[in-house]
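Bear in mind the structure is a predicted one, so any value in this text is a computation, not a measurement. Numbered from 1 within each chain, the chains take letters A, B, ... in sequence-line order.
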There are 2 protein chains.
Amino acid sequence: MSRPKNEEKLHAIHRVVLKLLVRSGFSSVKMADIAKEAGVASGTLYIYYSSKEGLLNALFVLTKQEIAQHMFRMFDPKEDYLISFRNMWFAYMQYCIDFPEKMLFVEQFLYSGLITAENIERTELFFEPLNTFLDTGRKKKYLLNIDAALLKASMAGSIHELVKWMHSQQIKPNNSLLENLFRLQWKGISL
Amino acid sequence: MSRPKNEEKLHAIHRVVLKLLVRSGFSSVKMADIAKEAGVASGTLYIYYSSKEGLLNALFVLTKQEIAQHMFRMFDPKEDYLISFRNMWFAYMQYCIDFPEKMLFVEQFLYSGLITAENIERTELFFEPLNTFLDTGRKKKYLLNIDAALLKASMAGSIHELVKWMHSQQIKPNNSLLENLFRLQWKGISL
DNA sequence: AATTTAAATGAATTATTATTCATTTATACA
DNA sequence: TGTATAAATGAATAATAATTCATTTAAATT
């Protein structure tokens with residue numbers, strides 16, 4: 001009976017938030033600018049979300065989910081441990097290289113003071129399989145006997161920082177660079 | 001002839017910015033709140049700095065400088081390479097553990113959109129000795145043949161993420177944990 | 001084609017927050 | 001002790017940005 005929401009508009013809004021964030025930082029993500037750049041009226045944003053905070057929180061959850069899906073897509077627990085580890089590492093690294101704006105947004109929003117505690121919890125659950133995977137590695141003596149959370153933090157942190165650096169310097173990583181980085185990481189955490 | 005500025009006020013202001021940032025994110029750092037929490041009038045902030053942007057930029061430069069000083073304090077180029085590396089790694093790690101709010105501020109402000117290009121350049125110079133040190137390590141075959149900037153990003157990133165994680169979980173790291181982490185890092189990047 | 005419903009609009013409003021400035025206060029120096 | 005000077009104050013103002021809402025538009029159903 002009624003006019004349907006235009007899904008393409010919603011995607012445009014999401015795209016633009018990330019674009020503005022990368023272009024000039026969190027402080028420049030304004031509702032009016034999002035609307036203008038996405039080609040919609042500012043009031044339209046409030047049809048999809050009840051507030052700026054709501055919009056950003058939803059985008060955060062969505063993006064985290066996408067990242068997790070991407071990372072675990074080809075994960076096969078029957079596969080060799082190193083191969084699995086490698087696959088996930090490259091999947092995550094490649095995702096960050098392909099979509100630095102998503103990685104940046106997720107990383108920054110986490111400390112913005114706008115994220116809800118509920119969404120922090122909710123999105124951590126997406127990565128539960130990774131914790132399990134790392135714990136298994138520890139138990140089976142593939143990995144150093146260090147808390148999975150620490151291993152995860154160490155890996156994610158260095159990937160993030162690397163990608164931010166490459167992004168800021170407009171450096172396109174080649175395969176051999178990525179291989180070197182992976183080797184460096186694996187060498188560090190494996191027994 | 002005139003009333004002097006109260007240096008203690010200035011320190012209080014700096015302290016409070018970092019405190020507010022950690023307490024509830026960048027979006028909650030308001031001039032009025034800074035003033036109230038620091039026990040000064042909001043107008044006073046504008047005696048020390050011409051704008052919020054100016055205040056934050058100054059604090060950023062100051063903090064970066066302090067970090068660099070701290071890190072290079074005991075650096076002696078005549079010392080054994082691994083020892084020097086170790087000293088600097090621990091100095092930085094310890095600094096981040098002791099002052100997570102400073103590390104968080106510096107990291108977040110870099111992508112806030114409020115930092116000036118000039119200050120980015122200026123503060124990068126503080127860390128020039130580190131680049132030199134890493135280049136030397138590469139040339140002398142102590143380290144993997146990877147761009148110094150990448151090594152630096154990889155190390156800093158994992159330290160930051162680890163400290164953020166420990167801070168958020170209120171975990172106090174013990175010496176053996178830090179030793180493990182250092183070993184992990186060194187193992188990763190050394191030849 | 002007419003009708004219904006909700007999407008979409010964007011100017012106006014409200015809310016928030018940075019900044020100013022007339023006034024007061026504290027210090028250094030004569 | 002008095003005076004000059006700049007620090008400090010905080011209510012008032014300006015600037016910025018989020019949100020609302022009366023109106024228009026487009027799709028779906030009859």
Side-chain angles (χ1 to χ4, degrees), chain A residues 1-60 105 108-109 111-116 119, chain B residues 1-60 105 108-109 111-116 119:
Chain A
M1 256 304 189
S2 89
R3 185 178 176 185
K5 280 185 190 167
N6 183 340
E7 280 299 310
E8 188 36 53
K9 278 197 170 53
L10 189 59
H11 290 141
I13 290 165
H14 292 165
R15 234 186 347 263
V16 163
V17 170
L18 300 170
K19 182 175 165 187
L20 290 178
L21 176 78
V22 169
R23 185 194 290 162
S24 32
F26 227 105
S27 64
S28 70
V29 179
K30 320 262 164 73
M31 293 302 260
D33 291 351
I34 296 168
K36 185 193 280 183
E37 190 89 13
V40 302
S42 56
T44 305
L45 300 178
Y46 292 87
I47 289 168
Y48 292 90
Y49 299 104
S50 67
S51 67
K52 180 179 177 179
E53 198 182 314
L55 161 51
L56 295 179
N57 268 279
L59 184 56
F60 176 82
F105 167 69
Q108 287 181 54
F109 188 61
Y111 291 91
S112 68
L114 299 173
I115 193 170
T116 67
N119 280 337
Chain B
M1 257 299 192
S2 89
R3 184 178 178 185
K5 280 184 188 166
N6 182 341
E7 280 298 310
E8 190 35 52
K9 278 198 169 53
L10 190 57
H11 291 140
I13 290 165
H14 292 164
R15 235 188 344 266
V16 165
V17 171
L18 300 170
K19 182 175 164 187
L20 291 178
L21 176 76
V22 168
R23 186 193 290 162
S24 32
F26 226 106
S27 64
S28 70
V29 178
K30 320 262 165 74
M31 293 303 261
D33 292 350
I34 296 168
K36 185 192 279 183
E37 190 91 12
V40 302
S42 56
T44 306
L45 301 178
Y46 292 87
I47 289 167
Y48 292 90
Y49 299 104
S50 67
S51 67
K52 179 178 178 181
E53 196 183 314
L55 160 54
L56 295 179
N57 268 279
L59 184 57
F60 177 83
F105 167 69
Q108 287 182 54
F109 188 60
Y111 291 90
S112 68
L114 297 173
I115 193 170
T116 66
N119 281 338

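Using bins of under 30°, 30° to 60° and over 60° for the plane-to-plane angle, the ring pair B:Phe60/B:Phe105 lands in the perpendicular bin. Relative ring orientation between B:His14 and B:Tyr49 is described as tilted, the plane-to-plane angle lying within the 30° to 60° band.
To the nearest angstrom, P of C:dA7 lies 14 Å from CG of A:Leu45. Whole-Å rounding puts the B:Asn6 CG to D:dT9 C1' distance at 14 Å. In this structure, the NZ atom of B:Lys36 is 13 Å from the C1' atom of C:dT17, given to the nearest Å. What separates CD of B:Glu7 from P of C:dT27 is a distance of 15 Å, to the nearest Å. The CG atom of B:Leu114 sits 14 Å away from the P atom of D:dT16 (whole-angstrom rounding).
Contacts of B:Tyr46 classified as side chain to side chain contact (heavy atoms under 4.5 Å, CB included), with partners at least two apart in sequence or in another chain: B:Met31. Under the rule for a salt bridge (Lys or Arg N to Asp or Glu O under 4.0 Å), A:Glu7 has no partner lying at least two apart in sequence or in another chain. Judged as a salt bridge (Lys or Arg N to Asp or Glu O under 4.0 Å), and not counting sequence neighbours, B:Arg3 has no contacts. Not counting sequence neighbours, B:Lys5 has no partner by the salt bridge (Lys or Arg N to Asp or Glu O under 4.0 Å) test. Partners of B:Ser42 under the side chain to side chain contact (heavy atoms under 4.5 Å, CB included) rule, at least two apart in sequence or in another chain, are B:Ala35.
Non-hydrogen atoms lying under 4.0 Å from DNA chain D are contributed by A:Ser51, A:Lys52, all within residues 49-56 of chain A. Contacts between residues 8-16 of chain B and DNA chain D, defined by a heavy-atom separation under 4.0 Å, are made by B:Lys9.
With hydrogens and angles disregarded, no donor-acceptor distance shorter than 3.5 Å links the side chain of B:Thr44 to the backbone of B:Val40. Without hydrogens or angle criteria, B:Ser24 side chain to A:Gly113 main chain gives no donor-acceptor distance under 3.5 Å. In terms of modelled atom types and a separation under 3.5 Å, the side chain of B:Asn57 and the main chain of B:Thr116 share a donor-acceptor contact.
In this structure the side chain of B:Ile13 never reaches within 4.5 angstrom of the side chain of B:Leu59, judged on heavy atoms. Within the 4.5 Å cutoff, the side chain of B:Tyr48 has no heavy atoms near those of the B:Leu55 side chain. By the 4.5 Å heavy-atom criterion applied to side chains, A:Leu56 and A:Phe26 are counted as neighbours.
Nearest nucleotide to the B:Tyr48 side chain, out of C:dA7, C:dA18, D:dA8: D:dA8. Here the nucleotide nearest the side chain of A:Tyr46, chosen from D:dA8, D:dT20, C:dA8, is D:dT20. With distances taken from any side-chain atom of A:Lys5 to the nucleotides D:dA8, C:dA7, C:dA18, the minimum falls on C:dA7.
For the salt bridge (Lys or Arg N to Asp or Glu O under 4.0 Å) condition, the pairs that include at least one residue of residues 17-27 of chain B, sequence neighbours left out, are B:Lys19-B:Glu37, B:Arg23-B:Glu37. Applying the salt bridge (Lys or Arg N to Asp or Glu O under 4.0 Å) test to pairs two or more places apart or on separate chains, none has a residue in residues 43-58 of chain B.
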Mind listing the N/O atom pairs, protein and nucleotides 22-26 of chain D, below 3.5 Å?
from: D:dT25; atom 1: O2; to: A:Arg3; atom 2: NH1; distance (Å): 2.9
from: D:dA26; atom 1: O4'; to: A:Arg3; atom 2: NE; distance (Å): 3.4
from: D:dA26; atom 1: O4'; to: A:Arg3; atom 2: NH1; distance (Å): 3.4

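For the helix from C:dA1-D:dT30 to C:dA30-D:dT1, the rotation axes defined at the first and last 5 base pairs enclose an angle of 20°, given to the nearest 10°.
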Q: For nucleotides 10-16 of chain C, just jot down a letter per nucleotide in 5' to 3' order: B, S or -, based on protein non-hydrogen atoms under 4.0 Å.
A: BB-----
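One finds the CG atom of B:Leu10 at 11.5 Å from the CD1 atom of B:Ile47 (value rounded to the nearest 0.5 Å).
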